2 protein chains.
Amino acid sequence: MIPVATIQGEPCCAPLAESPLGADDAETLARSLKALADPARLRILSLVAASADGEICVCELPAPLGLTQPTVSHHLKVLTDAGFLAREKRGTWAWFRLVPGALDAVTRPLAEPVEAVPA
Amino acid sequence: MIPVATIQGEPCCAPLAESPLGADDAETLARSLKALADPARLRILSLVAASADGEICVCELPAPLGLTQPTVSHHLKVLTDAGFLAREKRGTWAWFRLVPGALDAVTRPLAEPVEAVPA
DNA sequence: GTTAAACATCGATGAATGTCAATATTTATA
DNA sequence: TATAAATATTGACATTCATCGATGTTTAAC
């Protein structure tokens, strides 16, 4: 699994409508979106984002997701390699939190131009 | 290929941080993101969005993308079924334009909460 | 040091996906 | 109606990917 390059909060490219997306930028953006385009991974992000302390223990995830521990571990790796989650190990437990700005960096290029307001 | 349900501009779900994403909403959101998570499809969206008249002819796409006509047609179908593009046939040609609000409906649930500003 | 618990990695497998060549379909024109 | 052009569909193939069981690794407690 090749980690995605991730400079926090820096979008890979300009908004789609501004100029035609180049091949490399398209590849980069698609790679990030692929990391998000899975139900289990979206739910993991949501569980982390909605958690009281902004972080969640791996041990809390398999049950609500209905997935085995190895599968959850795999999804966490994908999200971490893509730069959306940060891992901290405390004792035997591993805790994950959102990397600030990482989600916004992906959605920014997808933002539509503001509509012209009729007079 | 099963078309994605699409009521324009209506996001499938609340922001991720607001409440844990349910299984069905996660499936819906993931399906939309999967439609976007491909370099060729992102470039198609960008070519349409950046075009002067807001629409583009299928015939203009294979060359800049370096893909065959059937492959381009396949990607256009994926984007149309997912509700991101609208197709209009004029004569022998087919024209595509963005469905307003469709992209925003996908990115809205991914928006991060605003940071608390320190005093 | 042994044991137990939490997590990561490995290997396998079935399903989904991107791509193309070949073919079908639709529309305009002669 | 016959021909040509643009697009869609079909079928095939190679690749990617989500998932799991089995196993390895790390840490704490005894």
Side-chain angles (χ1 to χ4, degrees), chain A residues 1-4 21 23 26-45 47-48 55-82 84-97, chain B residues 1-4 21 23 26-45 47-48 55-82 84-97:
Chain A
M1 187 96 41
I2 298 148
V4 174
L21 199 58
E27 193 79 43
T28 300
L29 186 52
R31 207 188 298 267
S32 293
L33 286 168
K34 255 188 242 288
L36 297 178
D38 178 272
R41 292 198 284 270
L42 288 172
R43 298 187 74 189
I44 289 174
L45 287 177
L47 285 166
V48 172
E55 64 179 2
I56 206 166
C57 174
V58 175
C59 58
E60 303 175 54
L61 293 175
L65 298 177
L67 295 173
T68 64
Q69 176 265 320
T71 300
V72 169
S73 189
H74 162 69
H75 287 308
L76 288 168
K77 179 170 174 48
V78 172
L79 288 170
T80 304
D81 285 348
F84 294 111
L85 288 182
R87 191 182 100 116
E88 185 190 354
K89 190 136 189 209
R90 295 206 291 268
T92 341
W93 289 272
W95 298 80
F96 284 84
R97 54 174 59 246
Chain B
M1 188 95 41
I2 297 148
V4 173
L21 200 59
E27 194 78 44
T28 301
L29 186 52
R31 207 188 300 267
S32 294
L33 286 168
K34 254 189 243 289
L36 298 178
D38 178 272
R41 292 198 285 271
L42 288 173
R43 297 188 75 188
I44 289 174
L45 287 177
L47 284 166
V48 173
E55 65 180 1
I56 206 165
C57 175
V58 176
C59 57
E60 304 176 53
L61 292 175
L65 298 177
L67 294 173
T68 64
Q69 176 267 321
T71 299
V72 169
S73 189
H74 161 70
H75 287 308
L76 288 168
K77 179 169 173 48
V78 171
L79 287 170
T80 303
D81 286 348
F84 294 110
L85 288 182
R87 193 183 97 116
E88 186 191 354
K89 190 135 189 210
R90 296 205 292 269
T92 343
W93 289 271
W95 299 80
F96 285 84
R97 55 175 55 247

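Numbers restart at 1 for each chain; the letters A, B, ... are given by sequence-line order, proteins then strands. Because the structure is a prediction, the values reported are computed rather than measured.
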Dot-bracket assigned to DNA chain D with the 3.5 Å Watson-Crick/G-U criterion, [ ] for crossing and | for other-strand pairs, is ||||||||||||||||||||||||||||||
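- Protein chain A contacts DNA chain D over a range whose 5' and 3' limits, counting nucleotides with an atom under 4.0 angstrom from a non-hydrogen atom, are D:dC17 to D:dA28.
- Counting only heavy atoms from C-beta on, A:K77 has its side chain closest to C:dT9 among C:dT9, C:dC20, C:dT19.
- Atoms CZ (B:R31) and C1' (C:dA15) sit 14 Å apart, rounded to a whole Å.
- Checking A:L76 against B:A37, the closest nucleotide of DNA chain C that is more toward the 5' end is the one next to A:L76.
- A heavy-atom distance below 4.5 Å is not found between the side chains of B:R41 and B:L45.
- Spacing between atom CG of A:D81 and atom P of C:dA8 amounts to 12 Å, rounded to whole angstrom units.
- The minimum heavy-atom distance linking A:C59 with A:W93 is given by the pair SG-CD1, 3.7 Å.
- Side chain of A:R43 to main chain of A:L61: no donor-acceptor pair is present (N/O by atom type, distance under 3.5 Å, no hydrogens or angles).
- Put simply, the side chain of B:R97 never gets that close to the backbone of B:A86: no donor and acceptor are under 3.5 Å apart.
- Here the shortest heavy-atom pairing between B:V72 and B:P62 reads CG2-CA, 3.9 Å.
- Place B:A40 and A:P70 on DNA chain C by their nearest nucleotides, and A:P70 ends up nearer the 5' end.
- Nucleotide C:dT19 holds its P atom 8 Å from the CZ atom of B:R41, rounded to whole Å.
- Distance B:H75 NE2 to C:dG18 P: 6 Å, rounded to the nearest Å.
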Can you tabulate the close N/O pairs, meaning under 3.5 Å, that link protein atoms to atoms of nucleotides 2-7 of chain C?
{"from": "C:dA6", "atom 1": "O3'", "to": "A:T92", "atom 2": "O", "distance (Å)": "3.4"}
{"from": "C:dC7", "atom 1": "OP1", "to": "A:A94", "atom 2": "N", "distance (Å)": "3.2"}
{"from": "C:dC7", "atom 1": "OP2", "to": "A:C59", "atom 2": "N", "distance (Å)": "3.2"}

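- For the residue pair A:E60 and A:P64, the shortest heavy atom distance occurs at O-CD, 3.1 Å.
- Note that CG of A:L21 is 6.5 Å distant from CG of B:L42, once rounded to the nearest 0.5 Å.
- Residues A:A35 and A:A82 share a closest heavy-atom pair of CB-CB, 3.6 Å.
- In this model, the phosphate group of C:dG18 is approached by a side-chain N or O of B:H74 to a distance below 4.0 Å at OP1 or OP2.
- Across all strands shown, A:R90 has no heavy atoms under 4.0 Å from either base or sugar-phosphate atoms.
- For the atom pair B:E55 CD and B:L47 CG, the distance stands at 14.0 Å (nearest 0.5 Å).
- Heavy-atom minimum distance, A:F96 versus A:T80: CE2-OG1, 3.3 Å.
- With rounding to the nearest 0.5 angstrom, the CG atom of A:L36 is 13.5 Å from the CZ atom of A:R31.
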